[in-house]
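Notes to accompany the following structure.
Numbers restart at 1 for each chain; the letters A, B, ... are given by sequence-line order, proteins then strands. The analysis underlying the following values was restricted to heavy atoms, covering all of them including side chains, and did not include hydrogens, waters or symmetry mates.
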There are 2 protein chains.
Amino acid sequence: MTETEIAPLLRFFKALAHESRLRLLGFLAQRARTVQELASLLGLTEPTTSHHLGLLREAGLVTLRVEGNLHWYNFEPSELAPLAKSVLSRQNVAHWAAQARAEKPDRQIQNYLESDGRLRLIPASRKKRYPVLVWLAAHFDLDRRYREAEVNQILQTRYWDSATLRRELVGYRMLTREKGIYWRLPEEEWLTSEPLTR
Amino acid sequence: MTETEIAPLLRFFKALAHESRLRLLGFLAQRARTVQELASLLGLTEPTTSHHLGLLREAGLVTLRVEGNLHWYNFEPSELAPLAKSVLSRQNVAHWAAQARAEKPDRQIQNYLESDGRLRLIPASRKKRYPVLVWLAAHFDLDRRYREAEVNQILQTRYWDSATLRRELVGYRMLTREKGIYWRLPEEEWLTSEPLTR
DNA sequence: AAGCTAATTAGACACGTATCTAATTAGATG
DNA sequence: CATCTAATTAGATACGTGTCTAATTAGCTT
């Protein structure tokens with residue numbers, strides 16, 4: 001579960017997300033060049049060119065060698081190129097989601113979760129099932145009303161059998177329902193012992 | 001000499017050059033999701049989310065499966081992922097320079113050019129040297145003045161011995177000089193026979 | 001030191017695009 | 001058919017950034 005920092009990645013892609021900079025890299029990949037030369041090749045002014053080169057440098061795509069008055073830029077991706085190569089695998093991309101408003105699951109229920117955060121199965125014992133339901137209840141806002149379809153959809157992001165989960169949540173009074181509309185109840189209202197399953 | 005079209009590449013990088021879209025890919029890499037769900041995960045409105053998903057789709061990074069009212073997006077890079085992986089080699093990047101104001105070299109002088117467009121050597125015979133000089137003359141604008149250092153720098157992008165090239169160009173009256181300032185002459189003024197080398 | 005050159009930095013402006021609300025489309029439901 | 005829901009499209013606004021000119025810095029030359 002690598003904690004991937006997306007900032008450098010973003011810097012990297014932003015650096016490549018402009019035609020002028022792609023063309024700059026193009027010319028630099030041929031040979032090292034000075035700012036003047038690049039500016040005239042691109043048909044831009046030197047300050048503008050300098051600006052782009054700065055971004056490419058921050059992204060680790062080019063290097064700079066100063067030689068008297070001349071600044072020679074060269075295409076020399078630091079360790080980032082392999083990064084870029086490996087970056088698009090499903091596994092890695094999954095980490096970019098990172099700063100989701102993380103209701104981070106309790107350690108107690110880790111054994112029941114897939115690595116993608118979905119529920120592997122509903123624990124059979126009440127003792128283990130309870131924290132799972134607490135975690136699921138946190139998926140709902142206190143001050144909001146939900147239609148049954150919405151409840152199901154939210155639960156389905158965690159487990160295929162949303163109906164069972166929904167009934168359990170209502171059973172423990174974590175959710176309640178009236179005329180087909182559901183809402184979350186505050187913790188004070190929750191039952192902590194086995195509810196009547198009726 | 002692959003003619004690389006940079007447009008799709010640009011679309012690709014632009015699609016990845018925004019934090020919301022990186023995070024979208026993050027969530028989609030976990031499992032397929034609907035627009036609603038993604039919007040609430042990102043804390044954005046549905047139209048905005050839809051907008052981002054559109055860009056990701058155009059870039060070939062995600063697919064869409066419509067199921068009744070629901071639109072399920074999924075992380076499924078088309079053939080583009082390998083593209084992205086192979087894209088950063090020096091060789092490939094070099095092609096991005098493409099649409100330089102292309103004074104494309106005459107077929108006659110191809111034998112004297114390296115694959116990177118630099119001059120291998122100055123042809124010894126006048127007959128072969130002449131088209132090379134024509135090509136070099138095209139590197140200068142008609143309505144501009146150049147300092148000698150500028151002339152040298154431009155010529156050095158093509159060959160190490162800029163001094164010889166400069167003298168040749170002046171000899172054929174393709175360039176002329178006065179008080180250290182050079183400029184290009186129109187073709188009518190050029191000499192076509194061997195100039196006096198004085 | 002004075003002047004010249006290459007490059008960067010500062011500041012202003014313009015263009016692109018991320019975002020929202022409102023309106024529209026298309027599928028499902030009663 | 002009328003209504004409801006999910007998604008997209010249209011239109012407006014705001015933020016980010018690409019570009020320019022002007023000013024500044026740093027190195028070389030005389």
Side-chain angles (χ1 to χ4, degrees), chain A residues 10-11 13-24 32-59 62-74 145-154 156-157 179-181, chain B residues 10-11 13-24 32-59 62-74 145-154 156-157 179-181:
Chain A
L10 193 53
R11 204 174 327 124
F13 286 126
K14 282 191 174 185
L16 292 167
H18 195 277
E19 182 176 349
S20 299
R21 289 191 290 271
L22 284 188
R23 295 185 58 213
L24 273 175
R33 308 203 187 232
T34 62
V35 179
Q36 279 198 126
E37 188 184 357
L38 291 167
S40 89
L41 284 168
L42 290 186
L44 295 174
T45 63
E46 288 185 32
T48 301
T49 306
S50 198
H51 164 70
H52 287 310
L53 289 168
L55 295 177
L56 290 174
R57 207 148 76 91
E58 282 172 24
V62 304
T63 56
L64 167 60
R65 182 173 52 86
V66 177
E67 187 182 89
N69 248 346
L70 300 175
H71 289 202
W72 292 94
Y73 283 89
N74 197 12
R145 298 296 176 257
Y146 298 85
R147 283 168 282 109
E148 181 164 300
E150 282 181 291
V151 173
N152 285 335
Q153 195 169 29
I154 290 168
Q156 269 167 27
T157 68
K179 293 182 198 145
I181 298 297
Chain B
L10 194 52
R11 204 175 325 123
F13 286 126
K14 281 192 175 186
L16 293 166
H18 195 275
E19 182 176 347
S20 298
R21 288 191 291 271
L22 284 188
R23 295 184 60 212
L24 274 175
R33 308 204 187 231
T34 63
V35 178
Q36 279 198 126
E37 187 184 358
L38 291 167
S40 88
L41 283 168
L42 290 186
L44 295 174
T45 64
E46 286 185 33
T48 301
T49 307
S50 199
H51 163 71
H52 287 310
L53 289 168
L55 294 178
L56 290 174
R57 206 148 75 91
E58 283 173 24
V62 305
T63 57
L64 166 61
R65 182 173 53 85
V66 177
E67 187 182 90
N69 249 346
L70 300 176
H71 289 202
W72 293 93
Y73 283 88
N74 197 11
R145 299 296 176 253
Y146 298 84
R147 283 170 280 109
E148 181 165 299
E150 283 181 291
V151 173
N152 285 336
Q153 196 168 30
I154 290 168
Q156 269 167 27
T157 68
K179 293 183 198 145
I181 299 297

Do any N or O atoms of the protein come closer than 3.5 Å to N or O atoms of nucleotides 2-6 of chain C, and which pairs are they?
from	atom 1	to	atom 2	distance (Å)
dT5(C)	O2	N69(A)	ND2	3.0
dA6(C)	OP1	Q36(A)	OE1	3.3
dA6(C)	OP1	Q36(A)	NE2	3.2
dA6(C)	OP2	Q36(A)	OE1	3.3
dA6(C)	O3'	N69(A)	O	3.4

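The side chain to side chain contact (heavy atoms under 4.5 Å, CB included) search around L70(B) returns Q153(A), T34(B), W72(B), not counting sequence neighbours. Residues satisfying the side-chain hydrogen bond (donor to acceptor under 3.5 Å, both in side chains) test with R57(A), not counting sequence neighbours, are none. With sequence neighbours left out, the ring-ring contact (aromatic ring centres under 6.0 Å, His included) criterion links H18(B) to H52(B).
Going from atom CG of N69(B) over to atom CD of Q36(B) covers 9.5 Å, rounded to the nearest 0.5 Å. Note that OH of Y73(A) and CG of L53(A) are 5.0 Å apart. Values are rounded to the nearest 0.5 Å. L16(B) CG to L56(B) CG: the interatomic distance, rounded to the nearest 0.5 Å, is 7.5 Å. Taking CG of L38(B) as the start and CZ of R23(B) as the end, the distance is 11.0 Å to the nearest 0.5 Å.
Chain B approaches DNA chain D within less than 4.0 angstrom (heavy atoms of the protein), and the contacting nucleotides run 5' to 3' from dT5(D) to dT9(D).
S20(B) and L44(B) get closest at one heavy-atom pair: OG-CD1, 3.9 Å. The two residues E19(A) and L10(B) come nearest to each other via the heavy atoms N-CD1, 3.7 Å. Between R11(B) and A59(B), the closest heavy-atom pair is O-CB, 4.0 Å.
Of the residues in residues 48-56 of chain B, those lying under 4.0 Å from DNA chain C by heavy-atom distance are T48(B), H51(B), H52(B), L55(B).
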